[in-house]
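Everything below concerns the one structure shown next.
Computed from heavy atoms alone, side chains included, the values below leave out hydrogens, waters and symmetry copies.
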Amino acid sequence: MKNSEILELSTEELAARLSEEKAALSKLKFAHAVSAIENPNVIKAARRTIARLNTELSARKAAAKKETASEA
C-alpha cells in the first residue's frame with residue numbers, strides 16, 4: 001500500500017486497515033514458522049505497511065489534539 005493510498009483513507013478506515021494488516025502479518029509469520037514461505041520479503045513489506053499506517057494515524061491524532069488545544 002502506497003502513501004498516497006493511505007492519505008486518501010479516513011481515520012476509521014485507517015484503523016480498520018491497520019487491524020487487517022496486523023492479522024495478515026501474524027498469519028504470514030505463522031506460515032513462515034511452519035514451513036518457509038516462497039517469498040519472505042512479503043513479511044518485510046507487511047511490516048512497513050503497518051508502520052506507514054501507524055505513522056499516519058499518529059499524525060492525524062496529533063493534528064486533532066493540536067486543533068483542540070488551540071481552540072481552548
Only distances under 3.5 Å count here; give the side-chain donor-acceptor pairs of residues 46-57 to other protein atoms, sequence neighbours excluded, each with its distance to 0.1 Å.
{"unit_1": "T49", "atom_1": "OG1", "unit_2": "A45", "atom_2": "O", "d": "2.9"}
{"unit_1": "T55", "atom_1": "OG1", "unit_2": "A51", "atom_2": "O", "d": "2.8"}
{"unit_1": "E56", "atom_1": "OE2", "unit_2": "R60", "atom_2": "NE", "d": "2.9"}

Would you mind writing out the side-chain donor-acceptor pairs for residues 18-25 within the sub-3.5 Å range, not counting sequence neighbours?
{"unit_1": "S19", "atom_1": "OG", "unit_2": "A16", "atom_2": "O", "d": "2.8"}
{"unit_1": "E21", "atom_1": "OE2", "unit_2": "R17", "atom_2": "NE", "d": "3.2"}
{"unit_1": "E21", "atom_1": "OE2", "unit_2": "R17", "atom_2": "NH2", "d": "3.2"}

Residues 28-43 side chain polar contacts: donor-acceptor under 3.5 Å, at least two apart:
{"unit_1": "H32", "atom_1": "ND1", "unit_2": "I37", "atom_2": "N", "d": "3.3"}
{"unit_1": "N39", "atom_1": "OD1", "unit_2": "N41", "atom_2": "N", "d": "3.2"}

Short side-chain to backbone donor-acceptor contact, E8 and E5, under 3.5 Å: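 Pair absent, no side-chain N/O of E8 close to backbone of E5.
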Stepwise side chain to side chain contact (heavy atoms under 4.5 Å, CB included) test for L9 and M1: CA-CA 11 Å; L9 297 175; M1 184 169 221; 3.7 Å; yes
